[in-house]
Amino acid sequence: MRIEVNNITKQYGAFRALDNVSLEIPSGELTALLGPSGSGKTTLLRIIAGLESADKGSVLYQDSDVTHRAIRERNVGFVFQHYALFNHMNIYENIAFGLRVRRWKDAEVKKRVVELLKLIQLEGLERRFPSQLSGGQRQRVALARALAPQPQVLLLDEPFGALDAKVRQDLRKWLRHLHDEIGMTSIFVTHDQEEAFEVADRVVVMNKGHIEQVGRPDDVFAQPANAFVMDFLGSVNVFHGRVQNGRVQLGSLEVPYPAYPHDDPRPATAYIRPHEVDVDRQPHGASSLQARVERINRTGSLVKVALLDNERNLPVDVELDHERDKELALTVNDTVYVYPKQIRVFIPENNGSPAVLDEQQGQTVQLTR
Ligand code: ADP
Ligand code: MG
């Protein structure tokens with residue numbers, strides 16, 4: 001089931017929650033709607049479900065226009081953040097609920113519920129009540145209940161948002177497996193970029209009621225379309241400077257930027273991810289920033305070094321692999337030199353509006369030492 005969203009606008013009073021949003025959801029894929037709180041993810045999901053109506057635009061399922069069809073006519077399964085299970089019903093009856101509403105025969109209900117209990121790995125717990133399950137188990141029941149009537153589309157609104165980190169991790173993997181097993185078109189709302197990147201085939205990055213970028217997780221991460229996406233996708237060092245004559249100048253750091261060969265200088269923002277930085281104890285050929293070591297955290301798969309840039313007195317976050325860390329043997333207060341391996345430069349329009357970027361946007365500078 002392919003889904004198409006065309007020019008959807010939704011206004012709450014004077015506030016525009018969705019502004020002319022168009023999107024294609026390929027059949028059988030798991031798509032994540034990713035964005036900060038208030039960006040319009042839930043509104044878009046509810047319009048796709050038929051729980052909410054748009055002011056303008058249309059929604060197509062396959063090739064049929066469902067814009068004016070109610071949720072019950074759309075054959076969708078919906079899972080909310082707060083597992084709205086029926087507390088007075090046991091697990092069996094919770095999963096069976098949608099089937100009884102649709103007047104399935106008892107024998108068929110039983111067959112389907114048993115099948116789903118197996119799928120969510122809760123066989124044997126069907127007589128328990130929701131209060132006798134953990135949060136993660138309850139959310140799996142909510143998923144089984146949504147899947148029971150064999151919907152054509154599965155919609156999940158921050159389904160793991162209320163769970164603790166470890167359970168969330170496990171459920172992510174489990175959801176991915178489940179999706180591969182049943183191959184249903186699924187849309188998953190989250191504000192957590194790590195979750196979106198781990199689970200989804202395709203990520204839709206939203207901001208202030210519009211779509212910033214759509215793509216495969218690797219592509220979005222490697223080629224963020226603009227400064228917002230770059231910023232949103234996890235920790236990044238931001239430098240303000242200018243471009244002129246094929247160079248970008250960020251304080252004492254100056255690197256070639258052939259994408260802007262012009263004479264007139266323009267303000268630019270440069271983004272450097274922590275793992276795109278190397279540090280050294282000595283300055284050498286290439287342009288670098290001098291900094292001081294503030295903190296070192298060696299507990300993760302990468303060593304996190306927090307630096308303070310001596311010139312700007314601003315933090316620079318660096319991630320080194322353990323091997324490089326051993327070579328450098330840094331300690332707090334050491335002076336080091338920062339060498340970016342890759343920089344992304346965005347040049348805002350002269351009016352200073354950061355959302356409007358010109359054709360130079362996202363130009364990546366590869367640096368060789
Ligand atoms: P998200 O799911 O990305 O956090 P939502 O789609 O829930 O965002 O909301 C987008 C914006 O629309 C928010 O600013 C929210 O306050 C507003 N909004 C959502 N629903 C309503 C409503 N029923 N009435 C008024 N404003 C709403
Ligand atoms: Mg929401």
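Everything numeric here is computed off the predicted structure, so don't read it as measured data. Throughout, residue positions are numbered sequentially from 1 according to the sequence presented. As the structure lists them, so they are numbered: ligands from 1, and atoms in each ligand from 1.
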side-chain hydrogen bond (donor to acceptor under 3.5 Å, both in side chains) assessment of Gln62 paired with Arg2: CA-CA 5 Å; Gln62 213 58 35; Arg2 193 176 64 91; 5.5 Å; no

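Counting only heavy atoms from C-beta outward, the side chains of Arg145 and Phe86 approach each other to under 4.5 Å. Contact annotation: the side chain of Pro224 approaches that of Arg344 to within less than 4.5 Å [non-hydrogen atoms, C-beta and beyond].
Inside a 4.0 Å radius of atom 6 (O) of ligand 1 there is at least one protein heavy atom. Distances from atom 21 (C) of ligand 1 to the protein include at least one heavy-atom value under 4.0 Å.
With hydrogens left out, the protein atom closest to atom 12 (O) of ligand 1 is Phe15 CE2, 3.4 Å, a heavy atom. Looking at atom 8 (O) of ligand 1, its nearest protein heavy atom turns out to be Gly40 N, 3.3 Å. Among protein heavy atoms, atom 9 (O) of ligand 1 sits closest to Thr43 OG1, 3.8 Å. For atom 27 (C) of ligand 1, the closest heavy atom belonging to the protein is Tyr12 CD1, 3.2 Å. When hydrogens are left out, the protein atom nearest atom 4 (O) of ligand 1 is Gly38 N, 2.7 Å; that is the closest non-hydrogen contact.
Taking the ring centre of Tyr61 as origin, the terminal cationic atom of Arg69 falls outside the region bounded by 6.0 Å and 45° from the ring axis.
For ligand 1 and Ala17, the ligand atoms under 4.0 Å from any heavy atom of the residue are 12 (O).
Hydrophobic clustering keeps Leu133 apart from Phe97 (ILVMFWY residues linked when any side-chain heavy atoms are closer than 4.5 Å, directly or through intermediates).
Residue Gly35 places no heavy atom under 4.0 Å from ligand 1. Ligand 1 has at least one atom lying under 4.0 Å from a heavy atom of Pro36.
Not a single donor-acceptor pair under 3.5 Å links the side chain of Thr190 to the backbone N or O of Leu34.
Using a 4.0 Å cut-off between a side-chain N of Lys or Arg and a carboxylate O of Asp or Glu, Glu108 and Lys111 do not qualify as a salt bridge. Using a cut-off of 4.0 Å between Lys/Arg side-chain N and Asp/Glu carboxylate O, Arg216 and Glu29 are scored as salt-bridged.
Residue side and main chain included, Thr42 places an N/O/S atom under 2.8 Å of the Mg ion (ligand 2).
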